[in-house]
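Structure first, then comments.
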Number of protein chains: 2
Amino acid sequence: MAQFNDTSAEIPGTPCLICEHGGLAFCGPGPGDADEPSRLSAMLGQVNLIAHDSVFREGDPATHLYSISQGAVKLYKLLSDGRRQVTAFLFAGDFFGLALDGGYAYTAETMTPALLCRFPRRKLEALFAEVPRLERRLLGLAIDDLAAAHEQMLLLGRKTAREKVASFLVMLDRRAARRGHHGPAVALPMSRSDIADYLGLTIETVSRTLTQFRRDGLIGLPDLGHAVLREADRLRQIADGG
Amino acid sequence: MAQFNDTSAEIPGTPCLICEHGGLAFCGPGPGDADEPSRLSAMLGQVNLIAHDSVFREGDPATHLYSISQGAVKLYKLLSDGRRQVTAFLFAGDFFGLALDGGYAYTAETMTPALLCRFPRRKLEALFAEVPRLERRLLGLAIDDLAAAHEQMLLLGRKTAREKVASFLVMLDRRAARRGHHGPAVALPMSRSDIADYLGLTIETVSRTLTQFRRDGLIGLPDLGHAVLREADRLRQIADGG
DNA sequence: GGAGCCCGATGGCCCAGTTCAACGACACTT
DNA sequence: AAGTGTCGTTGAACTGGGCCATCGGGCTCC
């Protein structure tokens, strides 16, 4: 559980590493607003988690907002019989935990060892009054998430297995590039089971589809944790229903 | 198209009807903030649309934020070959059109004749500085939308046809109740095709499942546009995977 | 008032993707 | 090095829901 690895008590106020990640995250410094990052730094705590550790669970009181400094996190929801829907894969620079008084709407779990920055929701809300830019940025990020969620609904409701897997690979590649990872291989820190639950498929179908892409020369699979997009354009075409 | 029925030029500043709808919408008056509604009223325009009229299309520049005063609206996204995913059904008191500079992420279309309140995005953003409460409320609404989107992903990715249709009926009933509609019948202003595209099914499967529910005594179908939830608890149970 | 049209319901067949099962590749343990 | 567990892949059979076709009711328009 998260509590076991929670080191925020030991290192309060440590500067957030993601603030150096190209301003992707909401705690990045804004132009001409030099005061703001320090104000945020003053209230953030860091959480160091091992792989496959839960950050919070669906329904937990929403006390903090999280930002990923290092590592990868997945969000998911469960049905009573154990069926699972992974709603997002998140990486360095991404944030999560935006919720109202109803509690978190999903469970958050690390996929790799992770270093998270954590902001108390109450304190953050108090800071909104002083630094309106902050809330604006948060609203912008929520709108981005919303657009991604709509895109995922289109995928889940209307795409074929082949299109789903292609969309997944293309999405990971695009986001890795945005984080500055321009290597030939895309990291797949999640299990096949996670991928299946993200795409609304079974692990068998994910595995078969990846094998098919490999046989067709569209991708390379150097090891379980990586994929090389050899024909990225063709994959993008497949992803969009071509 | 929307332009044809757009009456905002004729009746600028007309008070927004949804402000009387129990404070559900973001333009509702806040406690102890009597100044705010009038500021909003001053900048809103009304749009009167016939049924099956488009409000805006995916990719259009996001110039306005909309709030539904009367009528019902659907949001959807398309694949290049025409496959469609309806991402939301909206009713009086709901808002839509939240977007960044990338343009709207979805198309919005009326399902019935509708009266919409419309706020210019630029002016709204300027008002945020003066009335911070506004932006807070908008962020809260975006978070609500996000939670609903996650719930819909769970439905699309992991629920059976039976569970999807039950979830749909229960959701409509719950939202109708929240709007004060406590009658025995739930309104279904959308076509079977819309329902299918919302649930990631075909019209045939929706039709068959509704018929099955009717035969099992779970619902009544007095006419095409209404459903009576005779066994609401059982439907809720089915919806949650029981 | 009947011809055409749209929409929903229903029946029958079919297939993409699931389910079930077996197997191989590692990693960790003893 | 043998034993055990986990994870991914592959094969074979099954099925939920899609696809195609038909039909019927209500609507509009001559």
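Only a predicted model underlies this, so the values are computations on that prediction, with no experimental measurement involved. Residue numbering restarts at 1 for every chain, and letters A, B, ... go by the order of the sequence lines.
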Distance (rounded to the nearest 0.5 Å) between A:Ile238 CD1 and A:Glu231 CD: 9.5 Å

Residue mapping more 5' on DNA chain D - nearest nucleotide basis, A:Val206 or B:Ala161: A:Val206

Test: B:Arg118 cationic atom under 6.0 Å from B:Tyr66 six-membered ring centre, within 45° of axis: no

Smallest separation among heavy atoms of A:Asp194 and A:Val86, with atom names: O-CG2, 3.8 Å

Flag for A:Arg234-A:Gln237: side-chain donor and acceptor within less than 3.5 Å: yes

C:dA16 phosphate, OP1 or OP2, under 4.0 Å from A:Thr160 side-chain N/O: no

Sugar-phosphate only, base, or nothing, as touched by B:Ile203 at under 4.0 Å among non-hydrogen atoms: nothing

Any B:Thr211 side-chain N or O less than 4.0 Å from OP1/OP2 of C:dT10: yes

Sugar-phosphate only, base, or nothing, as touched by A:Gly200 at under 4.0 Å among non-hydrogen atoms: sugar-phosphate

Donor/acceptor link under 3.5 angstrom from B:Glu204 side chain onto base of D:dC20: yes

Protein-nucleotide distance (B:Arg158, atom CZ; C:dT19, atom P), rounded to Å: 9 Å

A:Arg208 side-chain N/O to D:dT9 phosphate OP1/OP2 under 4.0 Å: no

Sugar-phosphate only, base, or nothing, as touched by A:Leu210 at under 4.0 Å among non-hydrogen atoms: nothing

Under 4.0 angstrom between A:Thr202 side-chain N/O and C:dT18 OP1 or OP2: yes

Under-4.0 Å side-chain N/O to phosphate OP1/OP2 contact, A:Thr205 with C:dG17: no

